[in-house]
Amino acid sequence: SHFARLEKMIWNATAVTPAGAAAVLGSPHLPALAEATFDGNPFAPACALRLAADAADRPALKLTLPGVRIERRDTPDGIELAAECTDAWNERRTDEMLAGFAASAAGRRVAGLSLSGFKLSPAGLTRLAAALDPARLRSLAVAGNVGNTGAEALAKAFAGFRPRELRVIAANVRRGGAEALAASPLTAAVEFLDLSGNAVGVAGLAAFAPRAGTLKTFKSTDTGVTG
């Protein structure tokens, strides 16, 4: 049967499996589906981001899964994914999610990626970068407890990427992390940069002076710089 007008599906606590969810989200017979909820089901972290990436093409899709909410948008440039952690996931669980995502070929179609509230490890960031296409990714955003170590790992793992937009927001990044990002080829073509909510100080902001020729917007509210 075709459910051409069906916009929302709720599968909470139904014991549906990840394979069942993948079949629903990947169905070409649900072209109007814009929201699906699978909370309360025994889904491992490995399936979370991959379910969104592997879903059938639709203008927009909102997913609620155990521990994570994801919004997907399909654009002419590729897929845009925004994931927010809604549970206290540790690095291991986040690494499992990224490993599952890396197993999907759909990662090469991602043009925009936002990860909020996840504890990102250097190994996880390396795995994430390997799953994406440097020629396609235009926007990258991370928010949460990244820290200087995470910022340095991000700068290293994504050195082969040239996004136009980079957001590292409220991520516990300080001067050293900002300097690592500024020195990385990752920021060579960035036109929009947001470091808001990180106590990088004047020195951390000044590290981006060599990028003045490409930066068009530099957002740096609440960075420990006062008048």
Side-chain angles (χ1 to χ4, degrees), residues 6-7 9 18-38 43-65 67-85 94-118 120-121 123-143 153-168 184-192 194:
L6 189 66
E7 298 178 355
M9 302 184 79
V24 170
L25 299 174
S27 173
H29 304 310
L30 299 168
L33 185 64
E35 186 172 353
T37 302
F38 296 94
F43 287 11
C47 74
L49 201 56
R50 180 168 186 173
L51 279 173
D54 287 346
D57 290 345
R58 300 178 180 91
L61 178 65
K62 293 182 179 180
L63 291 181
T64 300
L65 305 168
V68 61
R69 283 194 297 264
I70 305 173
E71 293 190 16
R72 168 181 163 149
R73 292 179 62 246
D74 285 23
T75 75
D77 292 330
I79 300 169
E80 294 182 354
L81 296 174
E84 177 188 3
C85 185
T94 300
D95 283 352
E96 289 176 10
M97 180 187 74
L98 297 179
F101 175 64
S104 169
R108 309 295 289 179
R109 298 179 58 205
V110 172
L113 180 64
S114 173
L115 299 175
S116 178
F118 296 96
L120 298 166
S121 70
L125 287 167
T126 299
R127 186 176 289 114
L128 176 63
L132 301 170
D133 182 358
R136 186 179 293 273
L137 191 71
R138 293 289 179 267
S139 175
L140 179 63
V142 294
L154 182 72
K156 181 179 180 181
F158 283 83
F161 289 73
R162 300 294 182 271
R164 296 291 184 266
E165 298 181 5
L166 178 64
R167 294 172 174 84
V168 182
S184 171
L186 167 63
T187 57
V190 168
E191 298 176 356
F192 181 98
D194 191 350

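Ser139 and Pro163 make their closest contact through N-CB, 4.3 Å (heavy atoms, listed as atom of the first residue, atom of the second, distance). Contact detail for Ala99 and Arg127: the closest heavy-atom pair is CA-CD, 3.2 Å. Taking every heavy atom of both residues into account, Ala48 and Met97 meet most closely at CB-CG, 4.1 Å. Of all heavy-atom pairs spanning Val68 and Ala83, the tightest one is CG2-CB, 4.3 Å. Here the closest non-hydrogen pair linking Cys85 and Gly117 is CB-O, 3.5 Å. The nearest pair of heavy atoms linking Ala155 to Leu186 is CA-CD2, 4.3 Å.
Every residue two or more places apart in sequence or in another chain that forms a side chain to side chain contact (heavy atoms under 4.5 Å, CB included) with Pro134 is listed here: Arg108, Phe161.
Residues Leu115 and Thr94 form no side-chain contact, since every pair of their non-hydrogen atoms from C-beta on lies 4.5 Å or further apart. Side-chain atoms of Lys156 and Leu125, non-hydrogen and from C-beta on, never get closer than 4.5 Å to each other. At least one side-chain heavy atom of Leu51 sits under 4.5 Å from a side-chain heavy atom of Phe43.
Between Arg109 and Asp57 there is a salt bridge, since at least one side-chain N of the basic residue sits less than 4.0 Å from a carboxylate O of the acidic one. In summary, Glu165 and Arg167 engage in a salt bridge, as defined by a charged side-chain N under 4.0 Å from a carboxylate O.
Here the CG-OG distance, from Leu154 to Ser184, works out to 7.5 Å after rounding to the nearest 0.5 Å. The CD atom of Glu35 lies 9.0 Å from the CG atom of Leu63; values are rounded to the nearest 0.5 Å. Residue Arg72 holds its CZ atom at 11.0 Å from CG of Leu49, rounded to the nearest 0.5 Å. The distance from atom CG of Leu132 to atom CZ of Phe101, rounded to the nearest 0.5 Å, is 5.0 Å. Distance check, rounded to the nearest 0.5 Å: CZ of Phe38 to CG of Leu25 gives 4.5 Å. Residue Leu65 holds its CG atom at 6.5 Å from SG of Cys47, rounded to the nearest 0.5 Å.
In summary, of the residues considered (Leu166, Leu137, Thr187), a side chain to side chain contact (heavy atoms under 4.5 Å, CB included) with Phe158 occurs for Leu137 alone. Test Asp74, Thr75, Val110, Leu113 against Glu80 for side chain to side chain contact (heavy atoms under 4.5 Å, CB included) and you get one pass: Thr75.
Here the side chain of Arg136 pairs a donor or acceptor atom with the backbone of Asp77 at under 3.5 angstrom. The closest donor-acceptor contact from the side chain of Arg69 to the backbone of Gly67 lies at 3.5 Å or more, if one exists at all.
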Leu98 and Leu120: CA distance, side-chain angles, deciding distance, side-chain contact (heavy atoms from CB on, under 4.5 Å) verdict: CA-CA 9 Å; Leu98 297 179; Leu120 298 166; 4.1 Å; yes
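When the shell of 6.0 Å around CD of Glu7 is examined, it contains 12 or fewer heavy atoms from other residues, nucleotides or ligands.
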